[in-house]
Protein chains: 2
Amino acid sequence: MISQTGEYALRAVLYLALHQKGDPVSVETIADDLSMPRNYLSKTLHLLAKRGILTSARGPRGGFELAVPSDRLSLFEIVEPFDDLEGRGQCLLGRPECSDQTPCAAHHRWKDLAQRVSAFFHETTVDDLIAEMNGGAGPAAGNGSEPG
Amino acid sequence: MISQTGEYALRAVLYLALHQKGDPVSVETIADDLSMPRNYLSKTLHLLAKRGILTSARGPRGGFELAVPSDRLSLFEIVEPFDDLEGRGQCLLGRPECSDQTPCAAHHRWKDLAQRVSAFFHETTVDDLIAEMNGGAGPAAGNGSEPG
DNA sequence: TGTGTTTCTCATGAAAATATGATAAATACT
DNA sequence: AGTATTTATCATATTTTCATGAGAAACACA
């Protein structure tokens, strides 16, 4: 559904939301804890910083922090730099243009689902995922140590 | 959503369903009409033939035909050899195992959508797409010459 | 039997995604 | 100032996906 890189971004941002206690978190820490390639994650987070989703700081006590409150940060914003979730690439049969006016053979049946997927990413926030972890499946589910 | 190869498969099978009048259709014809790379499509269709979805015949008057009636041929069967639509790769956060018992942070919110997507591919048949073309958006929509 | 047509198969290539390693630049701390 | 730490950047490698090309195998037909 989303690329490896988009998945890294999602998991890393979720990690940041869960672990930042005022101080930035280093790429090393995140990469180690989430078993991701360190330098690759570095580039990925750097792009998110350029997009204004994270702040980055170099040097000792440096690292990454959320630049947006987690209840206002949608999954779409996190994944969008790495995956094309809407517009082009939306048509199941790969048409450059596919709309109600110029539908492909699958358009009318597929449209609703594609919109739901798009809506999911737009409407789900990082906070929603955290809330889900903290009891989404019942009051005593999980211990909060295994977010992704 | 699906790979380029899966998309080729989908469009080619739809083409076969629309154009076979008893005789096999050659890869050359399909590739030309749908603007696909000929040899690549050949390999793709060959795999569908091995899966029992198409029949292939060599030599003059050879080519490919549907081996399954189009009203019993689901999009899932066509795409599945090329794209992992369920099981692994289903978890939004990339977990090898992600279930109600061992949910990732997105599981409960994502599950329903993932199931709908899976159901779409399983339940939609090639015939459904053809029907869609022949008036799915209204009685006089389209002329049937632009399936995908 | 021969010829042309078509799939099948293999070898290779190109492009994109993913990943690694080395170095530069910035910063906090002593 | 000096040093260690950390991101930023560049170069490169690996893997996967997508694509091309040539020839072998099968087949229809004359």
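Naming: A, B, ... by sequence-line order, numbering from 1 per chain. Everything numeric in this text was worked out from a predicted model, so none of it was measured.
- Using a 4.5 Å heavy-atom cutoff, the side chains of A:Leu75 and A:Phe121 are in contact.
- Within 4.0 Å (heavy atoms only), B:Tyr8 reaches sugar-phosphate atoms of the nucleic acid but no base atom.
- One can place CG of B:Leu47 at 15 Å from C1' of D:dT17, the figure rounded to the nearest angstrom.
- Closest to the side chain of A:Asn39, from the set C:dT6, D:dA8, C:dA22, is C:dA22.
- Rounded to whole angstrom, the span from the OH atom of B:Tyr40 across to the P atom of D:dT16 amounts to 14 Å.
- We find that CD1 of A:Ile2 is positioned 14 Å from C1' of C:dA17, with the value rounded to whole Å.
- The side chain of B:Pro60 sits closest to D:dC27 out of D:dC27, D:dA19, C:dT7.
- Considering CD1 of B:Ile78 and CZ of B:Arg11, their distance stands at 13.5 Å, rounded to 0.5 Å.
- Ion pairing between B:Arg116 and A:Asp112 fails under the 4.0 Å rule for side-chain N and carboxylate O.
- The residue among A:Ser3 and B:Ser42 whose nearest nucleotide of DNA chain C lies closer to the 5′ end is B:Ser42.
- Between B:Ser56 and C:dC8, a side-chain N or O to OP1/OP2 separation shorter than 4.0 Å is present.
- C:dA24 atom P lies 18 Å from atom NE2 of A:His46, rounded to whole Å.
- Between B:Lys43 atom NZ and D:dT16 atom C1' the separation is 13 Å, expressed in whole Å.
- Closest to the side chain of B:Ser26, from the set C:dT6, D:dT6, C:dA19, is C:dT6.
- Checking side-chain atoms of A:Ser118 against main-chain N and O of A:Ala114 turns up no donor-acceptor pair under 3.5 Å.
- Taking atom CZ on B:Arg58 and atom C1' on C:dC8, their separation rounds to 5 Å, with Å as the unit.
- Among the nucleotides C:dC29, D:dT6, D:dC29, the one closest to any side-chain atom of A:Arg61 is C:dC29.
- Nearest nucleotide to the side chain of B:Thr5, out of C:dT18, C:dT20, D:dC18: D:dC18.
- Looking at heavy-atom distances under 4.0 Å, B:Ala57 makes contact with sugar-phosphate atoms alone, never a base.
- Between B:Tyr40 and B:Tyr8, the ring planes are perpendicular. Angles over 60° get that label, and only those under 30° would be called parallel.
- Regarding B:Asp23, its CG atom lies at a distance of 10 Å from the P atom of D:dC29, rounded to whole Å.
- One can place CG of A:Leu45 at 15 Å from P of D:dT6, the figure rounded to the nearest angstrom.
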